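Below: the structure, in structure tokens.
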Amino acid sequence: MTSSDSQTVAPETPAVESKVMTYLEAISEGLCDEMRRDPDVLLMGNDIGGDFGGAFKVTTGFSEEFGDRRVMNMPMTELGFIGAASGMALFGLRPVVEVQFADFISTGFDSIVQYAATTHYRWQAPVPWVIRAPSDGGIRSGPFHSQNNEAWFVHTPGLKVVAPSTPVDAKGLLLTAIRDDNPVIFFESKPLYRSLRDVVPAGDCAVPLGRARIARPGRDISVITYGATVHQAVAAAVELAAEGIDVEVIDLRSLKPLDTDAVLASVTKTGRALVTHAANRLGGVGAEIAAVIVEEAFEWLDAPVARLGGLDIPVPSSPPLEDAYRPDAGKIAASIRRLVAF
Amino acid sequence: MTSSDSQTVAPETPAVESKVMTYLEAISEGLCDEMRRDPDVLLMGNDIGGDFGGAFKVTTGFSEEFGDRRVMNMPMTELGFIGAASGMALFGLRPVVEVQFADFISTGFDSIVQYAATTHYRWQAPVPWVIRAPSDGGIRSGPFHSQNNEAWFVHTPGLKVVAPSTPVDAKGLLLTAIRDDNPVIFFESKPLYRSLRDVVPAGDCAVPLGRARIARPGRDISVITYGATVHQAVAAAVELAAEGIDVEVIDLRSLKPLDTDAVLASVTKTGRALVTHAANRLGGVGAEIAAVIVEEAFEWLDAPVARLGGLDIPVPSSPPLEDAYRPDAGKIAASIRRLVAF
Amino acid sequence: MASQLTNGRRRELHYWMRLTRTLDDRIIKLWQQGRGVGATFNQRGHEAISVGAGAALGPSDVVAPMHRDLGCYLLRGMTPERLLANQLGRATSVTRGRDGNLHGCGDLDLNIIGFISHLPHSLPVTVGAAMSFTYRNEPRVAMTFVGDGSSNTGLFHESLNLAAVHNAPFVLIVENNQYAYSTPLSQQMVIDDIAVRGRAHGVRAEIVDGNDLEAVYEVTYDAVERARSGGGPTMIECKTMRMLGHAIHDGAGYVPPDLLADWAKRDPIDRFEATLLAGGLATQEELDQVADRCRREVAAAVEYAEGSEWPDPATILDGVYAE
Amino acid sequence: MASQLTNGRRRELHYWMRLTRTLDDRIIKLWQQGRGVGATFNQRGHEAISVGAGAALGPSDVVAPMHRDLGCYLLRGMTPERLLANQLGRATSVTRGRDGNLHGCGDLDLNIIGFISHLPHSLPVTVGAAMSFTYRNEPRVAMTFVGDGSSNTGLFHESLNLAAVHNAPFVLIVENNQYAYSTPLSQQMVIDDIAVRGRAHGVRAEIVDGNDLEAVYEVTYDAVERARSGGGPTMIECKTMRMLGHAIHDGAGYVPPDLLADWAKRDPIDRFEATLLAGGLATQEELDQVADRCRREVAAAVEYAEGSEWPDPATILDGVYAE
Ligand SMILES: Cc1ncc(C[n+]2csc(CCOP(=O)(O)OP(=O)(O)O)c2C)c(N)n1
Ligand SMILES: Cc1ncc(C[n+]2csc(CCOP(=O)(O)OP(=O)(O)O)c2C)c(N)n1
Ligand SMILES: [Mg+2]
Ligand SMILES: [Mg+2]
């Protein structure tokens, strides 16, 4: 910004205070700020409009402020309306699509992986949309309302994939995702929606895509993770500190692009790595990270790279089964103890 | 078979001779044999019927022998007709679906990953179908007729995934896939269809799912691969033998279930591993294999586990770009040399 | 056309509707008391459709009910015990705790196909089931239910077209209840009748009052028997109203109260009971006895389900694959 | 209705049809000579549709042609040079060798949206483009083309419904050429006219002779102008015949010769030339001159494309993402 700019241009967002809010409220604020700032941003999805404001109430009040023109309830046709979002994006709009649950993103699969993901490489036309996908489980919602299907998209060239674990990142990464000129899939964590609160900066607090964050520094072992599992890892780290094990927790934040530099910096420091996420371990994003570590940091490794993830089964509904399915602080701590004892 | 059976029951398939045939002919023979043996086997797909016999002519003559009742041309509606195949399978039929190119399997994605894959776990009803998916490139067919999208399905619980590399396996694994009581995705290799010939046993030569094959034994390094890349790896091995490097090539054959025992047996023997496939390396099946190796065989490793795969881009059409995109014998040999020199 | 229903059968269907209502009300109470697990879908208003259409099938026919068809599960022989155990995630449930609420409540022994959340995947699957009957020359019919929301999906159209091309013995019941979750018809489509969407594929399409049990039964019965005798698929649009929220947590504040008040007058059970009383087919005392019986059965089911054990985590990997 | 076409414009459209045919014939020859790369789609029979419908758009309108719409690309300003270079995978092509044949031939400067193989994904995308025009109050229209095969897909229905609900300034041209690859209409659907599928969503639907350039132009022009003035979407079913195989390698032995012979009499270019001659709008000599001009332009394009360099593998990672 030049000095003359700074004299004449008023800040676009009113200077409100930072405040404590939930992960969900942070997303809501990010969306709202960005819609106020940029008239090309609009929302599409099932049940997001009117008084209802979406299955999780992220867009409560949005219809009233922005009108139905910018907050569009869609018929239950993910394939078609994600395709339409691509068309809008080609002509300069920035649609933010809510799929009601991340599980339903598979219904729009072709519009994402075949159309939007390939367009820029093929004929240089940008497709700047964001799909917001409420993902993850732990809330007894069974095989179709608990999925973590980010691996499908990380494997697909042309997409970006984001998975914030804190209110600050939820807002900050969402702002960046909306401003990005590429199709971005934004995995929100349902279990964090209302359970996690933090101080979130007011106004523009954009966080760059592709930069991991050290959620907790440590020297003995690196736990690489993202989403709700970050908090399980930190809880495990706290528990293990009492046992004299100093755990570093890396929160990836963005899965594509993946911040391999940050991962390698941590692992070359600690010499040990556990990769963990709630998604199916088999063929999950953790496999890529483990493979990168062994390729790039082989000589620094003092122990095998371990992975802890969901089991290779549909996410079961019943509480004892779902608990057995998912990684948690206890399982993470146990894996860490094994690795440290190696 | 009891002795009384052997006296009274004529063999169901006439005792024909083994003969030399292409990879494509072997698939065709497997399909035909199985349809003759089991009246519950039927075919569905685009353009597979009539005189036409499919985009690749795998089902040439099938309509004539089996009738349109068993060789069903479908409207271009992969999502719907794969769903219908699940319904047929629930009621005891064994549909074998041809998607015209593996690339179009994404159009039927929900019917595969959400419906068929989860049904047995949820309410114990088997869904015995096979989807035949002509995959892979090297034939200048561009981003939508060259895909290798097996990783999406390997990550999905409840499916089986097969990828034969030889005519014998193409027939043998297809027979097993059709007889399996689960949904199986059968990735055929387009570049091998007419370029690869071998003696294929007549009659029942079923090959079990989940057992890898040593395509070439060796002592210095393990190359773990599948599909057309097996032949590139073997060619690299032959080239490197002259340099005194003895390469073992493991052909996985089945990607889900994955024969990790065979992989680990090889790697613990050689101490070095290269994992390679034509699919996008990032988040590909090779990541899972590399991760398993480092988890389970860490102490046997004398070098990093390397991966060689397609680049993280849509498969480009133009010959020089497609060649740069794909692994081949030369690139495999170069990777092996680097690993052996480690 | 003369009704196909005997008086005895009428009383049976009344029982199934009442049992559905009683069980549904009880489930709502359980959830309000914090005794539920996960989500649960409301049934009120849909009883005449799920019971009336379901009853038109023969025992060897196949049905894939959806999330508003508790009545259909019940009358096809899935007990309140098993259904409630599924809602509560118990080992004794249909899915052994793998799937929740009405999801996955399939049982091939009862010729019931379970559903998945992704709507409307039971539709192509049921068309495939119908095609398998043709393939084997079996005189069976397959039927499924979808909502107005599902009629917008591509899968709806691909499936109906496939049924038409293969002249499948297939019946589709469209439960047009004015809303898909919070989204009213006016934001879903501009057509007046979903029935035109069947005709777009050459599928015979009928429209019926979905709160009139006998009307639903009759039009479905004709469609089923037509399908059985080679007459091909039929789609039946049942006009009704979802009288409560989409699911337990949804207060449905977005529905105009007048609309609900209007439809409340047409409650399918009240209406059918009035017919039974007026026609001398039942006395109020008999109706009260049915209500009592339903309450007892539901109470027993609650006891059973809540008394059932949780699934053993050691079994978590069982059954992903058929062996 | 009186024709919207001036005589000058008629001669222009004749030129575009002739150029399309000439380029298509030349491409076929190149492939027969082994000078092609990958596959290529045949155009013969579709010229009146791709040119007639494409010409009804204004310059700020947007179009997403499909694989039978070479004529539309040409008249929208995509040169034979760039198109041929794409068919041959050269660095100078629209996609710089990333995509092949007509795939991916989009160019926002020309208001052309490129297509993908998965059919019919240009359809929802074009509906979205149309919705963006409404959003911004721009008096623009978006149009796309699909085949009969695509009219079976779920995406076709989801997209048309969306266009209807949003009253989008959108026009859909259905090129009903009797076949989807080898599959005849009778194995795809039981309806007589695909137009009913538009009406199933409340979209106005017209049927026109797809081999009659002026008829296609006029009905499309009306639809475009109706859309522009807020009258909402229209679908136009153009009945035609694919006169060659699906793509270069397909001999189309499955098409009854009589059917082809029948349609050959209705060749869109022959027919239009006869009209021009009969109406005194062109002499045979003038038509020959057009043919000559087209041959020269196509020859130059072949020379350009074959003379163009291959893409440099060092650039292979460029452009996956917009920066
Ligand atoms: C593909 C898909 N997208 C979104 C959802 C989330 N969802 C669950 S029920 C529902 C509304 C369904 O409406 P309708 O088909 O009319 O049935 P109703 O619930 O009204 O009986 C939605 C959007 C879903 N189940 N499937
Ligand atoms: C989703 C999908 N499945 C399969 C194909 C393979 N395929 C390419 S063109 C075609 C036929 C298309 O027929 P139609 O829509 O009538 O267009 P036409 O080629 O006749 O002009 C098929 C099946 C495809 N492109 N997309
Ligand atoms: Mg509804
Ligand atoms: Mg066609």
Side-chain angles (χ1 to χ4, degrees), chain A residues 39-40 42 44 67-70 72-95 97 107-129 156-160 180-184 209-210 256-257, chain D residues 62 64 86 93-96 98-100 103-108 111-136 138 140 142 144 153-166 168 170 316-323:
Chain A
D40 290 335
L42 59 95
M44 305 168 76
D68 290 345
R69 202 176 120 272
R70 294 185 70 190
M72 296 199 272
N73 263 5
M74 288 285 125
M76 191 173 64
T77 55
E78 287 84 353
L79 190 67
F81 71 67
I82 294 174
S86 293
M88 293 181 181
L90 283 174
F91 288 86
L93 301 183
R94 295 187 175 268
V97 174
T107 307
F109 203 60
D110 263 0
S111 289
I112 300 167
V113 304
Q114 303 291 3
Y115 195 94
T118 66
T119 294
H120 196 269
Y121 189 59
R122 295 183 303 117
W123 55 284
Q124 300 97 60
V127 183
W129 53 235
T156 301
L159 300 175
K160 296 190 176 182
D180 197 285
D181 281 337
N182 298 283
V184 182
L209 303 191
K256 190 181 184 96
Chain D
V62 157
N86 211 62
S93 73
V94 198
T95 69
R96 303 167 303 153
R98 271 105 170 110
D99 210 343
H103 285 89
C105 287
D107 184 337
L108 290 180
N111 283 319
I112 299 178
I113 297 176
F115 75 97
I116 68 169
S117 291
H118 295 66
L119 291 169
H121 276 269
S122 282
L123 181 37
V125 169
T126 315
V127 170
M131 289 167 72
S132 81
F133 303 150
T134 309
Y135 187 87
R136 288 180 159 162
E138 295 173 343
R140 300 168 75 183
T144 190
T153 66
L155 201 44
F156 175 95
H157 293 277
E158 293 189 359
S159 305
L160 276 185
N161 186 51
L162 198 60
V165 172
H166 287 266
F170 172 70
I316 191 169
L317 297 176
D318 296 354
V320 177
Y321 293 93
E323 300 303 331

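Quick caveat, the model's predicted, so the values are computed rather than measured. By convention in this document, chain letters (A, B, ...) are assigned in the order of the sequence lines, proteins followed by strands, and residues within each chain are numbered from 1.
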Is it the backbone or the side chain of [X] that comes under 4.5 Å from a heavy atom of chain A, or both, or neither?
| X | answer |
| --- | --- |
| D:Ile316 | both |
| D:Asp107 | backbone |
| D:Asp318 | backbone |

Residue pair [X] / [Y]: nearest heavy atoms and the distance that separates them:
| X | Y | result |
| --- | --- | --- |
| A:Pro126 | D:Ala322 | CB-CB, 3.9 Å |
| A:Lys256 | D:Tyr321 | CE-OH, 3.3 Å |
| A:Ala125 | D:Leu108 | CB-CD1, 4.0 Å |
| D:Leu162 | A:Pro75 | CD1-CD, 3.8 Å |
| D:Arg98 | A:Tyr121 | CG-CE2, 3.2 Å |

Once salt bridge (Lys or Arg N to Asp or Glu O under 4.0 Å) is applied, do any residues pair with D:Arg140, and if so which ones, sequence neighbours excluded?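 For D:Arg140, the residues satisfying salt bridge (Lys or Arg N to Asp or Glu O under 4.0 Å) (neighbours in sequence not counted) are D:Glu138.
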Using heavy-atom distances under 4.5 Å, tell me whether [X] contacts chain D through its side chain, its backbone, both, or neither.
| X | answer |
| --- | --- |
| A:Thr119 | neither |
| A:Pro95 | neither |
| A:Leu159 | backbone |
| A:Gln114 | both |

Taking the side chain as every heavy atom from C-beta outward, state whether [X] and [Y] have any atom pair closer than 4.5 Å.
| X | Y | result |
| --- | --- | --- |
| A:Phe81 | D:Val127 | no |
| D:His166 | A:Met74 | yes |
| D:Arg136 | A:Leu93 | yes |

What option among [options] has the most heavy-atom pairs under 4.5 Å with chain A?
| options | answer |
| --- | --- |
| D:Thr126, D:Ile113, D:Val165, D:Val94 | D:Ile113 |
| D:Gly154, D:Gly106, D:Cys105, D:Ala129 | D:Gly106 |
| D:Ser132, D:Ser159, D:Ala142 | D:Ser132 |
| D:Ala130, D:Gly104, D:Ser93, D:Ala64 | D:Gly104 |

Atom pair CH2/CD1 of A:Trp123 and D:Ile112 - distance to nearest 0.5 Å: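 Spacing of CH2 (A:Trp123) from CD1 (D:Ile112) equals 9.0 Å.
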Not counting sequence neighbours, list each pair that qualifies as a salt bridge (Lys or Arg N to Asp or Glu O under 4.0 Å) and has a residue in residues 109-126 of chain A.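 Matches after skipping sequence neighbours: A:Arg122-D:Asp99.
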Under a 4.5 Å heavy-atom cutoff, which of A:Asp180, A:Leu42, A:Thr118 has the most pairs with chain D?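 That would be A:Leu42.
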Under a 4.5 Å heavy-atom cutoff, which of A:Val127, A:Asp181, A:Leu90, A:Asp40 has the most pairs with chain D?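 When all of A:Val127, A:Asp181, A:Leu90, A:Asp40 are compared, A:Asp40 has the most.
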Taking heavy atoms only and a threshold strictly under 4.5 Å, list by residue number the residues of residues 114-123 of chain D that touch chain A; give 'none' if the list is empty.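 Listed by number, the contacting residues are D:Gly114, D:Phe115, D:Ile116, D:His118, D:His121.
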Counterpart residues, ring-ring contact (aromatic ring centres under 6.0 Å, His included), relative to D:Phe133 (two or more places apart):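 Listed in chain order: A:Phe91.
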